[in-house]
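Beneath this line is the structure, given in structure tokens, with notes to follow.
Remember, it's a predicted structure, so these values are computed and weren't measured experimentally. Index from 1, following the sequence.
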Amino acid sequence: DKGTMPFGGRSFIQAIAADSKIYLMGGLTTNPADSYTGSTDVYSYDPATDAFTRLANYTAPRYGTCTATDGQKIWSFGMIWFEKLWLMIA
């Protein structure tokens, strides 16, 4: 039985595998008012140890973006909703 994620349910989260780990980034959380909030969280998950590690946050909430890797670096790019404007981020 695998461990529990250190954060609640998310939608539009980015996930990518690199360097024998899975990286989970951003996404939308639901707050008690039943509205959505963008997340700046970044975690890595190591299946060998069944452990999550909190990494440096994004500088702005990101969700529904595209994520890619060359095996050494991870890029996340796409659209976010920020102060009522759609912005392109990379």
Check your understanding: In Å, rounded to the nearest 0.5 Å, how long is the span from CD1 of I16 to OG1 of T69?
Key -> 5.0 Å

**Study point:** Closest contact, heavy atoms only, S20 versus P47
**Key:** O-CD, 3.6 Å

Check your understanding: What distance do Y43 atom OH and F52 atom CZ have between them, rounded to the nearest 0.5 Å?
Key -> 9.0 Å

Practice item. Could you grab the distance from atom OG of S11 to atom OH of Y63, nearest 0.5 Å is fine? Key: 9.5 Å

Exercise for review: Start with the C-alpha distance between S39 and T29, add both sets of side-chain angles, then the distance that settles side chain to side chain donor-acceptor pair (under 3.5 Å), and finish with yes or no.
Suggested key: CA-CA 7 Å; S39 174; T29 63; over 6 Å; no

Review point. Using a distance-only test with no angle check, is there a side-chain donor-acceptor pair under 3.5 angstrom linking D41 and Y58?
Key: no

Practice item. Could you pull out the closest heavy-atom pair between S76 and Q14, with the gap in Å? Key: OG-OE1, 4.2 Å

Exercise for review: Would you please test F12 and T65 for side chain to side chain contact (heavy atoms under 4.5 Å, CB included) and show each step?
Suggested key: CA-CA 8 Å; F12 301 104; T65 63; over 6 Å; no

**Study point:** For A68 against F77, the heavy-atom pair lying closest together
**Key:** CB-CE2, 4.4 Å

Review point. Can you tell which of T53, L55, L24 makes a side-chain contact (heavy atoms from CB on, under 4.5 Å) with V42?
Key: L55

Exercise for review: Examine distances only and state if a side-chain atom of D46 and a backbone atom of A48 form a donor-acceptor pair shorter than 3.5 Å.
Suggested key: yes

**Study point:** Geometric cation-pi criterion, R10 with F7: 6.0 Å, 45°
**Key:** yes

Review point. Does some side-chain heavy atom of I74 sit less than 4.5 Å from a side-chain heavy atom of M25?
Key: yes

